[in-house]
Protein chains: 2
Amino acid sequence: MENSFPKHPSAVKVMDDSGVRLNHILARLRERDFRITPQRMAILKILAESRDHPTVEEIYAQVRSAFPTTSLATVYKTVTLLKGLGEVLEVGTRTGSSRYDGGKPYPHPHVICTGCRAMIDFEEPALDDLTRQVAEKTGYQISDYQFDFFGLCPRCRK
Amino acid sequence: MENSFPKHPSAVKVMDDSGVRLNHILARLRERDFRITPQRMAILKILAESRDHPTVEEIYAQVRSAFPTTSLATVYKTVTLLKGLGEVLEVGTRTGSSRYDGGKPYPHPHVICTGCRAMIDFEEPALDDLTRQVAEKTGYQISDYQFDFFGLCPRCRK
DNA sequence: GTATCTGCAAAAGGTTTGCATTTTG
DNA sequence: CAAAATGCAAACCTTTTGCAGATAC
C-alpha cells in the first residue's frame, strides 16, 4: 500500500452511537493493558459523547463535577494517550487551546466560527482522492491532514 | 458579494519577483503611516524573499546578523503587524512555532514533512470552489482556511 | 504485589505586553 | 517635535514533566 492514510467511518468503526464508541475505546485500552480508572472513564465518556469538540479545560471542568480531585494534568495525559492510540482527533484552532473529537478520530474538515467559536464538521468525500493526488505529485507519504475553514456563523453574522 | 474570501495571485499582486513583493509591502506600510525602520526593512526582506516559511526565531537569527541589537519582540511585533495587514500568512505547524509566508499571503495548502519539517506549497485551484460550497452548505461567511498535509518527504522516507 | 496512574507543583515553550528610551518622518 | 518603534524584562497561556503517594488488575 502506498500510504497509511486513515480511513473513513465505515472502515474505522466509528458509530453515531456514543455508547458503542465508548466501548470500542475501552476495548482498545484493555487490549493494551492500560487501566480504566474512574477519572479516565469520565474523560472517555465526555470524549465519546460530546459533539462539540471540547477543550481540555472544558473536559476538566466536566470531569471535576463528578470527581472533584481530578487534575488538569490527568486530563492532558489521558487525551495524549488516546491521541497516540488514534482514538481521539486533536483539532488546532490557532487561537488558544486545542479541541478534541473522540467521535470521529480520523482527519476531516471543520468549519469554525471566528465569533462564537462554534465548530462543525464538514463531510467531503473527495478529500481522500485529493490526498492521494498530493502524495503522487509531491512524493510525500501523507499520513494526516488538517483542514479547517474560518468565518462567521449565521448567528454571529448578525 | 457573498463572502470576503481572499483571492489568488493574479488578483492580489503577489509576484515571483521578491523585489516587487517587497516594494508592495513597503508601499502598504507607508500608505498607513507605519515607519520603515532598519529592523523592519530587514524583516520584510527576509519575508519577501524566503520561500521556506521561516519561524520567528529563524527570522530573528537572520536579522541579528545585520542588526545585532534587534530583539525577538520586535520581530514578533512586525510579523503581527504584517499579518494584520494581510501581507503575511501565518502557518501553524501544530508542533512548536508558527511559520510565515510573506510571498503568498493568501490561504493555500501546504505539505509538511513530519521528519525534517520541510514545508512546500501545494497548488489546488479547486479549493476556491470548495470554499464557496462550504459557505453555501453551512451558511458561514468563510474568510479564511488552513489546509495542511503531513507525512514523510521522499528523503526522510529513507 | 507491582506496574500503572494520579495529583501537585514546577518547568517548559511560544508569544504578548508594559514601559522607558530611541528613532522616524 | 510628535508619534511611533525598539529593546528589555516580566507576564501569560497552554502543555509537559518529575515524582511521591495512591490504585487497578
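Convention: sequence-line order gives letters A, B, ...; per-chain numbering from 1.
B:Leu81 shares a hydrophobic cluster with B:Leu22, B:Ile25, B:Leu26, B:Leu29, B:Phe34, B:Ile36, B:Met41, B:Ile43, B:Leu44, B:Ile46, B:Leu47, B:Val56, B:Ile59, B:Tyr60, B:Val63, B:Leu72, B:Val75, B:Tyr76, B:Val79, B:Leu82, B:Leu85, B:Val88, B:Tyr100; the chain of contacts runs through ILVMFWY side chains whose heavy atoms sit under 4.5 Å apart.
A side-chain contact (heavy atoms from CB on, under 4.5 Å) with A:Leu89 holds for exactly one of A:His110, A:His53, A:Lys83; it is A:His110.
Contact between the side-chain N/O atoms of A:Thr70 and the OP1/OP2 oxygens of C:dT6 is not found at any separation under 4.0 Å. For A:Gln39 and D:dT23, the shortest distance from a side-chain N or O to OP1 or OP2 is not below 4.0 Å. Applying the 4.0 Å criterion to OP1 and OP2 of D:dT15, one finds that A:Ser98 has a side-chain N or O inside that range.
Residue A:Leu26 contributes atom CG, which lies 10 Å from atom P of D:dC25 at whole-angstrom precision. The distance between atom CD1 of A:Ile43 and atom C1' of C:dG7, rounded to the nearest whole Å, is 12 Å. One atom, CZ of A:Arg94, and another, C1' of C:dT15, lie 16 Å apart when rounded to the nearest Å. Residue A:Tyr60 contributes atom OH, which lies 10 Å from atom C1' of C:dG7 at whole-angstrom precision. Between A:Phe67 atom CZ and D:dA22 atom P there is a gap of 18 Å when expressed in whole angstrom units. Rounded to an integer number of Å, the gap from A:Arg40 CZ to C:dT6 C1' is 10 Å. What separates CG of A:Leu29 from P of C:dA3 is a distance of 20 Å, to the nearest Å. The separation between A:Leu72 atom CG and D:dT17 atom C1' is 14 Å, rounded to whole Å.
Looking at A:Ser71 and A:Lys77, their side chains never come closer than 4.5 Å, going by heavy atoms from C-beta outward. In this structure the side chain of A:Gln39 never reaches within 4.5 angstrom of the side chain of A:Thr78, judged on heavy atoms. Side-chain contact between B:Phe147 and A:Leu127 is present, with heavy atoms from C-beta onward closer than 4.5 Å.
Listed by chain and number, the residues in a side-chain contact (heavy atoms from CB on, under 4.5 Å) with B:Ser97 are B:Thr55 (sequence neighbours excluded). Applying the side-chain contact (heavy atoms from CB on, under 4.5 Å) test to A:Ala118 and every residue at least two apart in sequence or in another chain returns A:Cys113, A:Cys116, B:Tyr140. In this view, B:Arg51 satisfies the side-chain contact (heavy atoms from CB on, under 4.5 Å) rule with no residue, not counting sequence neighbours.
End-to-end axis angle of the helix from C:dG1-D:dC25 to C:dG25-D:dC1, from C1' rotation axes over five pairs per end: 40° (rounded to 10 degrees).
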For a quick check, with a 4.0 angstrom heavy-atom cut-off, what is the B/S/- contact string for nucleotides 17-25 of chain C, read 5' to 3'? BB-----BS
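Mapping B:Glu90 and A:Ser71 onto DNA chain C by nearest heavy atom places A:Ser71 at the nucleotide closer to the 5' end.
Comment: A:Arg94 engages B:Asp144 in a salt bridge, judged by a side-chain N to carboxylate O separation of less than 4.0 angstrom.
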